[in-house]
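Below is one structure, written out as structure tokens; comments come after it.
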Amino acid sequence: MPDHPEIPRHIAIIMDGNGRWAKQRGKPRLEGHRIGAESVRAVTSACVKLGVEYLTLYAFSSENWNRPEAEVRALMALLDQFLKDKARELHEQRIRLLAIGQIERLPAKTRARLEKIIADTADHDALTLVLALSYGGREEIVEAARSLAADAAAGKIDPDEIDKELFASRLHTAAMPDPDLLIRTSGEMRVSNFLLWQISYAEMVIVPKLWPDFRDADLDEAIEEYQRRHRRFGGL
Ligand code: FPP
């Protein structure tokens, strides 16, 4: 448990609006992503200070592969640079890095860098930063179903044994608590294939600001909104 139980254990964020932020300023979309990476740094450090245990960021969706090749390449380069710059900071702040999604689809160099940092930070205990990369909730659920079906076909499990816990154990998030708070920036009211199974009981806070403008104070406000709500998990 965190020191302050009112602080959500797990915050998940759909970082939206980088392109619109750039467009409003007559700048290339990449500039929005670049400043968006600054927001990632600010929010990650704020979560360490607040005692949040897990922060999951939707950095690249399965659908994002369909963007123009130049933007995909630029986003991958930005991720690579972020990992390069961030490695020391992760150690200093004792942050553990994890990734969810089809990371085998990432460029080999970026994937190798990611896997090295994941291995090097495995024992850190301040915050677990989870990057959702080439991630899609439906894809994750289909993979879990496929792995259970394969085990059933091989006689390793009885289909009657399959329950919510066993199913969740086959998701990429198997070892993590479900998000308590889901934040989406840029005012859009959509889930966009993010953590479909895991957000069943999450409180959603939609923030009108675009992601590159989202900083510590905005995170504080979203947490305050979360704290004002009475969470009932479907009960009374
Ligand atoms: C959504 O804005 C954002 C993304 C598709 C990528 C998120 C990436 C970053 C914040 C920077 C890199 C991340 C890390 C972890 C270093 P959009 O492009 O969909 O914006 P729009 O809806 O206004 O076009």
Side-chain angles (χ1 to χ4, degrees), residues 11-48 52 54-90 93 95-103 105-107 109-111 113-118 121 127-137 139 172 182-195 206-216 218-219 222:
I11 299 178
I13 307 185
I14 302 176
M15 309 182 287
D16 194 17
N18 294 350
R20 272 161 285 170
W21 186 93
K23 195 169 178 211
Q24 284 172 4
R25 288 160 180 77
K27 292 183 172 172
R29 292 177 59 82
L30 178 61
E31 186 60 10
H33 296 314
R34 208 176 61 74
I35 306 299
E38 293 301 317
S39 301
V40 169
R41 287 192 181 85
V43 167
T44 304
S45 299
C47 282
V48 172
V52 172
Y54 289 83
L55 172 65
T56 300
L57 301 175
Y58 205 5
F60 195 87
S61 73
S62 316
E63 289 79 16
N64 286 156
W65 291 112
N66 301 325
R67 292 195 175 190
E69 202 192 320
E71 183 168 345
V72 170
R73 222 177 311 119
L75 276 167
M76 288 300 143
L78 201 59
L79 171 66
D80 204 61
Q81 190 63 44
F82 175 84
L83 293 172
K84 226 194 244 172
D85 298 348
K86 192 82 188 156
R88 210 181 58 204
E89 234 177 278
L90 291 174
Q93 299 188 62
I95 297 170
R96 174 168 73 130
L97 186 72
L98 290 179
I100 56 171
Q102 296 173 329
I103 60 164
R105 292 184 71 186
L106 299 179
K109 185 181 76 165
T110 308
R111 183 182 169 187
R113 202 187 290 288
L114 180 69
E115 285 175 343
K116 178 162 184 349
I117 301 179
I118 290 173
T121 62
L127 166 75
T128 300
L129 172 63
V130 186
L131 296 182
L133 294 166
S134 188
Y135 176 85
E139 286 80 351
H172 295 182
L182 172 66
I183 299 172
R184 181 168 187 149
T185 57
S186 93
E188 304 286 349
M189 310 262 184
R190 282 192 302 281
V191 169
S192 299
N193 206 14
F194 189 42
L195 300 175
I206 308 290
V207 178
K209 271 194 185 174
L210 304 176
W211 177 250
D213 289 328
F214 189 93
R215 294 300 153 94
D216 312 29
D218 305 294
L219 180 71

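The first residue in the sequence is number 1, and the count goes up from there. In each ligand, atom 1 is the first atom listed, and ligand 1 is the first ligand listed.
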Results of side chain to side chain donor-acceptor pair (under 3.5 Å) for T110 - residues two or more places apart only
D80
With sequence neighbours excluded, what pairs up with E188 under the salt bridge (charged side-chain N to carboxylate O under 4.0 Å, His left out) test?
R20, R190
Quickly, which of I14, T185, I35, D16 forms a side-chain contact (heavy atoms from CB on, under 4.5 Å) with W211? Name it, please.
T185
Find all protein N or O atoms under 3.5 angstrom from an N or O atom of ligand 1 and list the pairs with distances, or write 'none'.
unit_1, atom_1, unit_2, atom_2, d
ligand 1, 2 (O), G17, N, 3.4
ligand 1, 2 (O), N18, N, 3.2
ligand 1, 18 (O), R29, NH2, 2.9
ligand 1, 18 (O), R67, NH1, 2.9
ligand 1, 19 (O), R67, NH2, 2.8
ligand 1, 20 (O), G17, N, 3.4
ligand 1, 20 (O), N18, N, 3.1
ligand 1, 20 (O), G19, N, 3.0
ligand 1, 22 (O), D16, OD1, 3.2
ligand 1, 22 (O), R20, NH2, 2.9
ligand 1, 23 (O), G19, N, 3.3
ligand 1, 23 (O), R20, N, 2.7
ligand 1, 23 (O), R20, NE, 2.8
ligand 1, 24 (O), R29, NH1, 3.1
ligand 1, 24 (O), R29, NH2, 3.2

Go through the structure and list residues passing salt bridge (charged side-chain N to carboxylate O under 4.0 Å, His left out) with D216, not counting sequence neighbours.
none
Salt bridge between R29 and E71, side-chain N to carboxylate O under 4.0 Å?
yes
Is any side-chain heavy atom of I11 closer than 4.5 Å to one of Y54?
no
